[in-house]
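Inspection log for the structure reproduced underneath, given as structure tokens.
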Amino acid sequence: MSPEPTITSLPPDAHCYRILMRTPIAQVTPASGSAEIAGWVHEVRDLGGLAFMLIRDRTGIIQVTIPKKKVSEQVLAAVKAVSRESVVRVSGPVKAIDKAPGGRELVPESIEIISLAETPLPLDVSEKVPAELDTRLDARFLDVRRPRVAAVFEIRSAACYAINQFLHDAGFTAITTPKIVAAATEGGTELFPIAYFDKEAFLNQSPQLYKQMMMAAGCEKVYEIGPIFRAEEHATTKHLNEATSIDIEVSFADHLEVMRILENLIIHTYGYVEKTCSAQIANIGVEDFAVPKAGFPRLPYAEAIEIAKKGIEEPIKYGDDISPAAERAIGAEMGGHYFIVDWPSEIRPYYAMQHENDPSICKAFDMMHPRMELSSGAQREHRYDRLVQQIKQKGLNPGSFEFYLKPFRYGMPPHAGWGLGADRLVMTMLGLSNVREAVLFPRDMHRLVP
RNA sequence: GCCCAGGUAGUGUAGUGGCCUAUCAUGAUUGCCUGUCACGCAAUCGACUCGGAUUCGAAUUCCGACCUGGGCGCCA
């Protein structure tokens with residue numbers, strides 16, 4: 001047994017390890033005595049005989065105070081040479097002082113410029129001057145240095161953790177399904193074609209068919225959090241060509257059961273974020289953060305249409321899709337998260353199970369935030385003959401669905417599931433005006449870089 | 001794809017035919033300043049998306065292209 005390696009056992013030329021040896025800024029207190037910190041130069045204020053540098057790492061900001069007559073030549077040269085957003089390491093004694101932000105400041109014995117930032121910067125990290133989203137996304141690595149922006153992604157991470165935790169604890173198996181697929185087994189959304197050796201292939205629009213195959217595989221409860229790709233040429237604040245989808249599929253469950261799971265998941269996720277991310281929520285400036293109350297209304301589609309009729313000018317009738325304006329009108333009436341249930345079979349996909357007593361409506365649902373749709377799902381038709389019949393009813397050719405249909409011939413349990421848009425979940429949770437704010441490197445019709 | 005609004009220093013903006021050698025803020029450079037915290041002061045630097053047209057004269061009007069934002073459509 002060799003001893004556990006330590007930092008000091010590393011070769012002396014392993015400079016990179018020394019960089020790790022610094023105190024996170026939030027942990028620097030007057031009680032620290034002296035500290036070695038590393039981070040980005042947030043601002044420099046030179047008052048003549050006295051200069052202040054604000055140093056920022058992901059944990060916070062600290063003031064470094066430089067009394068010019070009392071510090072070394074090396075420190076003076078570094079203060080003069082450094083630019084905003086450069087990476088520096090600073091070490092020296094920590095002093096308690098009321099005048100300094102956070103009640104403490106660091107007086108440097110040494111300042112090392114690890115990486116000098118070019119000037120001028122593509123955007124103002126200190127937020128004195130705003131920047132448009134397009135400018136921010138072009139320099140996303142600088143944009144995310146702004147604590148208010150980083151907070152969004154810390155919350156997104158916490159939300160994903162909560163979702164994984166909830167589903168894992170509920171007995172779900174996490175799966176990963178292929179994103180490169182041979183063909184669409186349905187019409188509908190446009191797919192991105194890709195070059196796959198000498199074959200035609202596409203980026204997958206949804207893990208749906210694979211989730212269902214896992215029901216035939218006997219896994220009973222599966223989930224996946226992963227990317228989906230849609231080649232639609234839409235340009236809106238809530239659509240992306242690459243999105244993150246949270247998908248579940250459950251055997252021996254109906255649509256009502258998976259709706260309960262979804263509702264509980266949303267409440268759990270909000271609750272976890274509220275509990276663990278209060279600083280980030282405050283930082284972003286969300287004032288009305290509230291965990292949704294249990295018992296999301298189950299609004300039948302027919303009633304939703306009636307509400308929409310009263311709320312909007314454009315004509316809308318039973319059998320129409322719900323337009324964005326109708327979505328907003330219904331959302332305003334409902335005031336919180338809600339489900340739309342009992343959709344006309346005609347406007348839902350072939351795989352949705354129809355009601356026994358009224359085949360004109362089906363066991364599909366959407367879960368809505370007052371601003372927009374977050375999730376859609378259904379109890380699936382698991383009976384082979386019915387499924388083939390429904391494919392034909394949609395005017396589609398069952399022959400081209402063989403890949404999808406095969407598992408249904410060898411013992412497919414009844415099952416239901418849904419897909420939930422992770423990006424929209426974060427967007428609506430934090431009241432962001434554009435879904436791109438909730439995505440580090442969004443992909444839309446016009447943006448492929450960075 | 002359609003409709004609307006836009007495109008002015010690194011960033012965010014003002015400027016609707018001559019008063020523009022283009023405003024303000026921030027920034028960058030240089031100098032002064034010992035308690036700043038959007039530090040202050042002084043000087044300097046830095047821009048009209050591209051192409052065509054109208055006009056004595058275009059940042060400003062018109063046409064086209066490209067790009068951006070918003071709305072719609074599309075989004076099993």
Side-chain angles (χ1 to χ4, degrees), chain A residues 42-54 61-71 80-81 83-85 95 97-103 105 107 117-139 142-143 146 184-191 204-206 208-209 212 228-241 243 312 314 320-328 343 345-352 362 364 366 372-373 376-378 380 390-391 394-396 401 404 419 421 424 433-434 436 444-447:
Chain A
H42 194 68
E43 251 179 284
V44 182
R45 300 190 193 108
D46 189 342
L47 273 58
L50 184 68
F52 300 102
M53 274 169 62
L54 298 181
I61 293 181
I62 190 171
Q63 175 168 288
V64 171
T65 301
I66 302 112
K68 292 191 184 170
K69 287 177 183 164
K70 296 178 188 166
V71 298
K80 196 168 165 57
S83 56
R84 296 204 310 168
E85 295 306 318
K95 292 178 180 167
I97 185 158
D98 288 340
K99 284 182 277 193
E105 65 183 18
V107 179
E118 262 184 33
T119 59
L121 297 163
L123 60 83
D124 175 19
V125 176
S126 66
E127 301 197 84
K128 287 176 200 165
V129 180
E132 289 192 351
L133 185 58
D134 193 51
T135 305
R136 293 170 46 204
L137 293 175
D138 280 340
L142 276 172
D143 186 48
R146 299 151 87 173
T185 46
E186 333 165 35
T189 192
E190 296 290 320
L191 301 177
N204 205 178
Q205 66 188 90
S206 156
Q208 162 102 24
L209 309 185
Q212 292 192 260
I228 57 171
F229 305 91
R230 299 185 176 185
E232 301 294 338
E233 295 188 344
H234 34 222
T236 75
T237 54
K238 57 186 183 184
H239 287 92
L240 293 166
N241 293 297
I312 61 172
E314 312 90 86
D320 288 347
D321 278 321
I322 294 178
S323 67
E327 221 170 67
R328 285 190 293 270
W343 287 75
S345 304
E346 202 181 320
I347 56 171
R348 298 299 285 213
Y350 61 85
Y351 53 69
C362 65
D366 279 0
M372 70 190 78
E373 178 191 333
S376 72
R380 328 295 188 187
Q390 289 187 20
I391 289 170
K394 294 277 176 193
L396 302 166
F401 287 76
Y404 179 63
R424 287 186 180 185
S433 59
N434 191 314
R436 290 162 185 77
D444 62 39
M445 233 164 94
H446 304 293
R447 182 172 289 279

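Excluded from the calculations below are hydrogen atoms, water molecules and symmetry mates; all remaining heavy atoms, backbone and side chain alike, are included. Naming convention: chains lettered A, B, ... in sequence-line order (proteins, then strands); numbering from 1 in each chain.
- Side-chain to base pairing of A:Gln63 with B:U36: one donor and one acceptor N or O lie within less than 3.5 Å of each other.
- Within the 4.0 angstrom heavy-atom criterion, base atoms lie near A:Glu105.
- Side-chain N/O atoms of A:Arg328 include one lying less than 4.0 angstrom from OP1 or OP2 on B:C72.
- The shortest distance between the side-chain N/O atoms of A:Thr135 and the OP1/OP2 oxygens of B:G12 is below 4.0 Å.
- When the side-chain nitrogen and oxygen atoms of A:Lys95 are compared with OP1 and OP2 of B:G35, none of them lie within a distance under 4.0 Å.
- Side-chain nitrogen and oxygen atoms of A:His446 include at least one within less than 4.0 Å of the OP1 or OP2 phosphate oxygen of B:U68.
- Looking at A:Glu43 and A:Ser126, their side chains never bring a donor and an acceptor atom within 3.5 Å of each other.
- As judged by a 4.0 angstrom heavy-atom cut-off over every strand, A:Asp46 is placed among the base-contacting residues.
- Contact annotation for A:Lys394: no contact, since no heavy-atom pair falls under 4.0 Å across all strands.
- In this structure, the separation between CZ on A:Arg136 and CZ on A:Arg436 is 12.0 Å, given to the nearest 0.5 Å.
- Residue-to-nucleotide contacts include no donor-acceptor pair under 3.5 Å from the side chain of A:Glu232 to the base of B:G73.
- For A:Lys128 and B:G27, the shortest distance from a side-chain N or O to OP1 or OP2 is below 4.0 Å.
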